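Everything quoted here is computed from the prediction, not taken from an experiment. Lettering of chains follows the sequences in order, A, B, ..., and the numbering in each one begins at 1. As a basis for the values below, the full set of heavy atoms in this structure was taken, side chains included, without hydrogen atoms, waters or symmetry mates.
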Number of protein chains: 2
Amino acid sequence: MPKNINFDKIAHQPAYRVVSEKIRNAILSGEIKTGELLPTETDLAEQFGVTRSTIREAIRLLEHGGILGRADRKRLVVTKPQTDAIGRSVSSALLMHQVTYEELWQVAMGLEPLASKLACTTATKQDKQLLAANLVLTREVMNDHDALLAAEIEFHDLLAKATHNSALLLARAPLNELFYPVAWGEIIRALSPGERILVAHEHIYAAICDNNPDKAEEWMKKHMVDFRRGIEMGNLGFDQPVPVTP
Amino acid sequence: MPKNINFDKIAHQPAYRVVSEKIRNAILSGEIKTGELLPTETDLAEQFGVTRSTIREAIRLLEHGGILGRADRKRLVVTKPQTDAIGRSVSSALLMHQVTYEELWQVAMGLEPLASKLACTTATKQDKQLLAANLVLTREVMNDHDALLAAEIEFHDLLAKATHNSALLLARAPLNELFYPVAWGEIIRALSPGERILVAHEHIYAAICDNNPDKAEEWMKKHMVDFRRGIEMGNLGFDQPVPVTP
DNA sequence: TATTGACCTATTGTCGGACAATAAGTCAAT
DNA sequence: ATTGACTTATTGTCCGACAATAGGTCAATA
């Protein structure tokens, strides 16, 4: 038996990780501000005392998280990660966990009514205008499946944006990315529920304009329950994993 | 004025992106299964017809999302992204958006009561045992601020895991990562609310064992409202951005 | 004046080769 | 069954090179 001495596992990080962390910290701590250009690769290589290849690997590591983007396709720039950028990572993760419609719906049930409620007090005039425009659009494309799907997704997205809550936006990113496109897509093709969708959206919109959080929340709940029924009636099993569709 | 002909912006992707996408698709489509080793860098370079450097950059791109990890610190292996891996990306994003306590609390209000409710029907014996053990631990470390904080965070984490809903786990990752550590940390140091925390946790646990979703949800809501009051009473403003603490 | 063109420069994307460090495997010795 | 010595495969890092191109400057042109 070994003595009961325990050494900590020593943490030998490869250089590209170390560099990546340092850059990440510099960005998060505000040392390099959003919108600023990152030094050129050659500069960085010199500063950190490593080769350009190493720097490049470090940069790639950050690029995926959306912290770094490119201004004009050449120089790298520090960016606020947009929800869709981060959403892709999350979606990949969920797909690999074989997330089911049921699971996503449960999250939607937690977040979407909340978004409706919050939007009542936070929505600006512009937010409301965008929502109104979306309603008009929805009515127009009622019979075009693809366009209707896009409009439906946009409505929920606009609503979430109207909360001006970035945490909420990020938390519901997978809904935009995975859930609605696939699930609503199926439902719309199978049941043509355009009218029902529009009615729900209109009530939610009205509630927001009336500054009536309870009503907004309530209608969104109804809308989501309706949605669930749609899935159940369609051929797609509610407890099935969401299929991979690139 | 230019003629109203519009060409699509041509999408010239650098090779490392293309390669990264191809590997990503191969993984998501199940062509390479979870747990399998990725071919060696030299192999990949040959297969794709690019240099090893390019392959490496492509790999780094995926590594950040947690799709790739390493089995034994050498060969790369395909992994299911764990919540903490993805959580770090999301947290970075939120920090850069200067997310406030208020925003995170709102999300918590949407997700945590939901988790409590769901856990009632999904928690296994083992889940309950873990929760019970956590309660014992909490009682023991009641006066040790750091340990209490850790136990409190663990309780919520265990609860979320008991739902066996990966979408929910991922959505609430930033709470674990950002919100609780910082906010609870402050509250615990300032108010020593150990007793109140324990009582709430015990009620939630009891509700789960009784299979009483409404009660579980209700107590979690109370718990979160309590939490909010704690923040408001402490010196940290509720509408302040969460500080960057690496 | 505003667009075009020619030119130069800085920076990224990609290549190829090189070598050290180190997991992993093999086989013999204890 | 563990240790040790040896070999091999693979990653981490370095160096140097070059093509492609975005950006800037400045003159020529309509």
Side-chain angles (χ1 to χ4, degrees), chain A residues 1-5 7-24 27 32 35-79, chain B residues 1-5 7-24 27 32 35-79:
Chain A
M1 282 294 268
K3 305 250 181 74
N4 53 359
I5 312 174
F7 291 108
D8 290 343
K9 198 174 290 181
I10 86 151
H12 171 57
Q13 295 279 53
Y16 62 84
R17 270 179 205 270
V18 179
V19 172
S20 159
E21 273 307 301
K22 295 228 177 198
I23 296 179
R24 178 171 181 269
I27 292 177
I32 316 177
E36 267 184 51
L37 290 174
L38 213 62
T40 67
E41 297 176 354
T42 332
D43 277 356
L44 288 172
E46 230 174 290
Q47 293 184 34
F48 283 107
V50 295
T51 327
R52 198 156 73 93
S53 320
T54 307
I55 293 290
R56 284 177 68 84
E57 295 191 32
I59 289 176
R60 296 301 155 258
L61 225 35
L62 298 176
E63 200 177 335
H64 193 257
I67 302 188
L68 293 178
R70 38 204 69 230
D72 42 29
R73 177 124 110 268
K74 206 126 200 172
R75 294 291 298 277
L76 278 172
V77 66
V78 179
T79 53
Chain B
M1 283 294 267
K3 306 249 181 72
N4 54 358
I5 312 176
F7 292 108
D8 290 343
K9 198 173 289 180
I10 87 150
H12 172 56
Q13 295 279 56
Y16 63 84
R17 270 179 205 271
V18 179
V19 172
S20 159
E21 273 306 302
K22 295 227 177 199
I23 295 179
R24 179 170 181 269
I27 292 177
I32 315 178
E36 265 185 53
L37 290 173
L38 213 63
T40 66
E41 296 176 353
T42 332
D43 277 357
L44 288 172
E46 231 174 287
Q47 292 184 34
F48 283 108
V50 296
T51 328
R52 199 157 73 93
S53 320
T54 308
I55 293 290
R56 286 177 66 79
E57 294 191 32
I59 289 177
R60 297 300 155 258
L61 224 37
L62 297 176
E63 203 177 332
H64 193 257
I67 302 188
L68 293 177
R70 38 204 69 230
D72 40 30
R73 176 124 112 271
K74 207 126 201 172
R75 296 290 298 275
L76 278 171
V77 66
V78 179
T79 54

Handout entry: Global bending angle along the helix from C:dT1-D:dA30 to C:dT30-D:dA1, which compares the axes of five pairs at either end, to 10 degrees
Key =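 Angle reported: 30°, given to the nearest ten degrees.
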Output the distance between atom [atom1] ([X]) and atom [atom2] ([Y]), rounded to the nearest 0.5 Å.
X     : Y     : atom1 : atom2 : answer
B:I23 : B:L38 : CD1   : CG    : 5.5 Å
A:I55 : A:L44 : CD1   : CG    : 5.0 Å
A:R60 : B:R60 : CZ    : CZ    : 11.5 Å

Measure [atom1]/[X] against [atom2]/[N] and give the value in whole Å, please.
X     : N      : atom1 : atom2 : result
A:E41 : C:dT11 : CD    : P     : 10 Å
A:Q13 : D:dT13 : CD    : C1'   : 16 Å
B:R70 : C:dA23 : CZ    : C1'   : 12 Å
A:L76 : C:dA10 : CG    : C1'   : 15 Å
A:R17 : D:dT13 : CZ    : C1'   : 15 Å
B:E57 : D:dT11 : CD    : C1'   : 16 Å
B:R56 : C:dG16 : CZ    : P     : 17 Å
B:I55 : C:dT14 : CD1   : P     : 11 Å

[Y] and [X], any side-chain heavy atoms less than 4.5 Å apart:
X     : Y     : answer
B:L68 : B:V77 : no
A:L76 : A:L37 : no
A:T79 : A:I67 : no

Exercise for the section: For A:R75, answer base if it contacts any base atom (sugar-phosphate contacts may also be present), sugar-phosphate if it contacts only those atoms, and nothing otherwise; contact means non-hydrogen atoms under 4.0 Å. Expected result: sugar-phosphate
Problem - Where at least one partner belongs to residues 41-50 of chain B, residue pairs that pass salt bridge (Lys or Arg N to Asp or Glu O under 4.0 Å), sequence neighbours excluded - result: B:E41-B:R52, B:E41-B:R56
Handout entry: Set of salt bridge (charged side-chain N to carboxylate O under 4.0 Å, His left out) partners for B:R17, sequence neighbours left out
Key =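 Checked B:R17 against salt bridge (charged side-chain N to carboxylate O under 4.0 Å, His left out); matches are A:E63.
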Problem - Those residues that, when tested against B:T54, pass side-chain contact (heavy atoms from CB on, under 4.5 Å) (two or more places apart) - result: B:A15, B:Y16, B:V50, B:T51
Practice task
Could you tell me which residues satisfy side-chain contact (heavy atoms from CB on, under 4.5 Å) with B:S20, sequence neighbours excluded, listed by chain and number?
Solution key: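 Partners of B:S20 under the side-chain contact (heavy atoms from CB on, under 4.5 Å) test: B:A58, B:L61, B:L62.
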Practice task
Output all residues satisfying side-chain hydrogen bond (donor to acceptor under 3.5 Å, both in side chains) with A:E36, sequence neighbours left out; order by chain, then residue number.
Solution key: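 For A:E36, no residue satisfies side-chain hydrogen bond (donor to acceptor under 3.5 Å, both in side chains) once neighbours in sequence are set aside.
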Quick one: which protein N/O atoms are closer than 3.5 Å to N/O atoms of nucleotides 15-20 of chain D? Pair and distance per line, please.
from: D:dA17; atom 1: N6; to: A:R52; atom 2: NH2; distance (Å): 3.4

Exercise for the section: Under 4.0 Å from any atom of DNA chain C, heavy atoms only: list the residues of residues 58-69 of chain A that qualify, in numerical order. Expected result: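 Of all residues in residues 58-69 of chain A, the ones placing a heavy atom under 4.0 Å from DNA chain C are A:R60.
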Practice task
Would you tell me if any nitrogen or oxygen in the side chain of A:Y16 comes within less than 4.0 Å of OP1 or OP2 on D:dT13?
Solution key: no
Practice task
Report yes if a side-chain nitrogen or oxygen of A:T40 is closer than 4.0 Å to either non-bridging phosphate oxygen (OP1 or OP2) of C:dA10; otherwise report no.
Solution key: no
